[in-house]
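Structure record follows, encoded as structure tokens.
Because the structure is predicted, anything quoted here is derived from the model rather than measured.
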Amino acid sequence: MKSDLSHGQLQMLIQVSNAINSTLDLDVVFNTIMKETLAVIEAADEGFLFLYDPTDDYLVAKSVFLRDNDVLSVVRLKPGESMTGITFLRKTCTHFPDRDSVQRAASTMSTSNQQRLREADPIFPTSAASAPIMSNGECIGVITLDCFRPDASFKPEDMQLLEAISHQAAIALEKANLYRDKEKSVELLETLNTQMKKQNHLLNRSLEIHQSLAALVLQGEGVSAILDHVHHLMEQPIILLDQMGEILSSAPAFTEMEYQAKTKLETIQHSIPSALTHGAAYPPFGTRKTPNGCMVFPIGAKPNFLGYLALLSEKPLDEVNMAALEHVCTVISFELVKEQAVFETEQNLRGQFIEQLFTGHISSRLIEQAKHLHMDPHRSYQVLTINFENDRRESTDFYDRLLAARRNLIQIATDSFLQTHPLGMIVAKQEQLVVLLSFASHQSWKDIRSAIEDQCQRFTTAIYIKNWGLKASIGIGGIKKGLKDVYKSSEESIRCVTFLKNYKMEQPYLSYPELGSKRLLLQNDTEDLLDYVLENLGPLLRYEKSRKREFLHTLTSFLDHSLKMKETASALNIHLNTLIYRVKRMEDILGISLTNQKQFLDISIAIQIYQLLETEIEERLTRETTVYL
């Protein structure tokens, strides 16, 4: 090809070659090819370079030098489409000498491309020339030049020069592509080298973390030391929670944490549903990241879910720290399982002791066991039975929640009762806790009554605040001297629990000494008690069914004030004559005389039963009225 060029054309080709080979930047090469081509071929008014994309089977504009609009820079041509596509298929320089040949070539364009071309420049070139860019026998692109001047045209020597330029362009593009591939390879190697260094660093750090954790475990340092170590590594507060969301341990101590950290922890605790069961396997957040950006990891899994490890930080964790925390969770789970085993063993031993003690058969072996448990056979003892019920009617997982909260319930009971009675013990028994309190022999129920009631109130309030869906009622047995009569206190406490369960009471606790004559109610079923009330109070209840129970309220107050007229009238805030009239009217309705000792006793007991079974009695009266109607 060079031997066919004139001296002037060779000079121009050398100029173009020097220019396009002066850089290895691919984008600069594209623009240089077109700029220099337009400079040495006089007839060319505009030009563009397209490269073939074999993936999409399109010719795509890489450099465009137009007079006005650069719309062709977004035009994508199929092979065979327009002058560029025709040249691509022919793989040879193609001359379009006049406007007709240009228009025929342009008519092969797609409708959308023709529309873009008309918007860019509605005037067709008077002639055009295209040259393929060949590499290894394949066409990789096309250079197309347009002429818009009627007095100018592409000459044969221009076509020769354009072909020579296309060959130089192919060489330049190959060199630029090779250089770009080399640059990418160098960048890839540098990236891989950086990643390897980072991985080595992370692996070394991971190894150090695992070795330090292993050393803590082997030294038997426990959960607190592990959390302190993690806190030092992460430089963020870390908390260990049980499955109910209660704090087991933390680093730093909870009291030393900043307000923001405490707020984050409270958010996590509130996110743990109170219906969370012992069989749960993962935290309720969907992912390990909580809504406030902290990280929460489960401790253990089904069926031995033990709690959560919470890192109170919004900073993202790298792979090593994530792996370290997962390893910490595994280590802590082993520690908690050991603690759980110790707890269960202790509960079993105490449970066996309590079971034997409550039989009333006190053997010498049991006495020895009591001494090992710091139970002096000569001290006074009292039993409290704490019964738990489901406080969520729609929930069916009561026993799961009770089992999950068992250790917490024992701890709350310990804080409530054993702080002032440290020689006692607490044992979990199905849906109950049994509290055995120990006192000096000279103490009586009268001396400690107020304190015990305060402690019961404190315990039931604490359970309510926890919102675990558990309702507690406490039966308080009497104080017995010596271990031999402890079983009696246990039986009394169970009777109180039964009474609280069957009858309406304002307070969630009841002591056997306060039960008084109501103990007799425990020996009769509900239907017998309802019959007894209606036999004695029925006429009065039916008489004032729609009168808001004014007579019944008066009668109750009259009995409470030991039949004293003035005190009763004052308490009811009515005139004495009004009270005298009401008492006489009530005696007439009931057919009794309150001065009659037997009738007075029957009415007194009936009123007490009515107060306990008011709902059931009113329901029976309503049924009677409905049947009558």
Side-chain angles (χ1 to χ4, degrees), residues 216-227 240-244 246-249 276-281 298-309 329-359 361-377 381 383-388 399-419 421-438 459 468 470 483 486-487 490:
L216 289 174
V217 174
L218 293 173
Q219 294 166 9
E221 293 295 333
V223 171
S224 297
I226 293 172
L227 292 187
L240 178 62
L241 305 170
D242 67 12
Q243 57 211 38
M244 303 302 290
E246 297 296 307
I247 299 175
L248 294 176
S249 185
L276 186 64
T277 67
H278 186 68
I299 306 292
K302 289 182 178 180
N304 297 314
F305 178 60
L306 302 170
Y308 308 93
L309 185 68
C329 291
T330 302
V331 172
I332 289 177
S333 68
F334 290 139
E335 294 294 321
L336 293 183
V337 166
K338 287 195 298 183
E339 291 181 7
Q340 183 72 21
V342 172
F343 170 78
E344 294 295 341
T345 301
E346 184 180 83
Q347 280 292 301
N348 288 335
L349 291 174
R350 293 188 174 192
Q352 293 172 8
F353 170 76
I354 287 291
E355 288 288 340
Q356 183 63 36
L357 183 64
F358 288 175
T359 63
H361 302 296
I362 308 300
S363 63
S364 58
R365 180 179 178 183
L366 188 67
I367 294 295
E368 288 301 315
Q369 189 176 357
K371 291 178 179 179
H372 284 299
L373 294 171
H374 307 291
M375 294 285 174
D376 185 344
Y381 292 93
V383 177
L384 278 62
T385 298
I386 304 175
N387 189 67
F388 296 97
Y399 287 102
D400 289 326
R401 282 183 281 114
L402 185 62
L403 184 60
R406 188 172 60 156
R407 291 188 67 175
N408 291 303
L409 295 173
I410 291 176
Q411 185 59 53
I412 295 173
T414 300
D415 295 340
S416 299
F417 299 106
L418 300 190
Q419 294 290 338
H421 310 290
L423 297 181
M425 71 166 59
I426 299 173
V427 177
K429 182 180 178 182
Q430 297 178 345
E431 66 268 24
Q432 295 178 341
L433 292 183
V434 176
V435 182
L436 180 61
L437 300 180
S438 174
F459 177 83
W468 293 335
L470 304 177
L483 287 175
V486 168
Y487 76 95
S490 172

Could you walk me through whether I412 and F459 pass the side chain to side chain contact (heavy atoms under 4.5 Å, CB included) test, one step at a time?
CA-CA 7 Å; I412 295 173; F459 177 83; 3.7 Å; yes
Evaluate side chain to side chain contact (heavy atoms under 4.5 Å, CB included) for I332 paired with L227, printing each intermediate quantity in order.
CA-CA 9 Å; I332 289 177; L227 292 187; 4.0 Å; yes
For M375 and L423, what are the C-alpha separation, side-chain angles and deciding distance, and is it a side chain to side chain contact (heavy atoms under 4.5 Å, CB included)?
CA-CA 7 Å; M375 294 285 174; L423 297 181; 5.9 Å; no
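Other residues, nucleotides and ligands contribute more than 12 heavy atoms inside 6.0 Å of the CZ atom of F343.
Counting heavy atoms from C-beta outward, T330 and I299 have side chains that stay 4.5 Å or more apart. Contact check for V486 versus F358: side-chain heavy atoms found under the 4.5 Å cut-off. Using a 4.5 Å heavy-atom cutoff, the side chains of W468 and R401 are not in contact.
Every residue two or more places apart in sequence or in another chain that forms a side-chain hydrogen bond (donor to acceptor under 3.5 Å, both in side chains) with E246 is listed here: K466. A search for side-chain contact (heavy atoms from CB on, under 4.5 Å) contacts involving H372 returns nothing, not counting sequence neighbours. Taking S490 as the reference, nothing meets the side-chain hydrogen bond (donor to acceptor under 3.5 Å, both in side chains) condition, with sequence neighbours excluded. Under the side-chain contact (heavy atoms from CB on, under 4.5 Å) criterion, I247 pairs with I239, L241, F254, L265, Q269, sequence neighbours left out. Under the rule for a side-chain contact (heavy atoms from CB on, under 4.5 Å), the partners of D415 that lie at least two apart in sequence or sit in another chain are Q411, Q419. Partners of R407 according to the side-chain hydrogen bond (donor to acceptor under 3.5 Å, both in side chains) rule, which considers only residues two or more places apart in sequence or in another chain, are Q340. Under the side-chain contact (heavy atoms from CB on, under 4.5 Å) criterion, S364 pairs with no residue at all, not counting sequence neighbours. S333 meets the side-chain hydrogen bond (donor to acceptor under 3.5 Å, both in side chains) test with no other residue; sequence neighbours excluded.
Each salt bridge (Lys or Arg N to Asp or Glu O under 4.0 Å) pair with one or both residues in residues 331-348, not counting sequence neighbours, appears once here: E335-K338, E344-R406.
Expressed to the nearest 0.5 Å, how far CG of L357 lies from CG of L373 amounts to 10.5 Å.
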I'd like a table of donor-acceptor pairs (distance under 3.5 Å, sequence neighbours excluded) in which one partner is a side-chain atom from residues 425-436, with atom names and distances.
residue: K429; atom: NZ; partner: E355; partner atom: OE2; Å: 3.4
residue: Q432; atom: NE2; partner: N387; partner atom: OD1; Å: 3.3

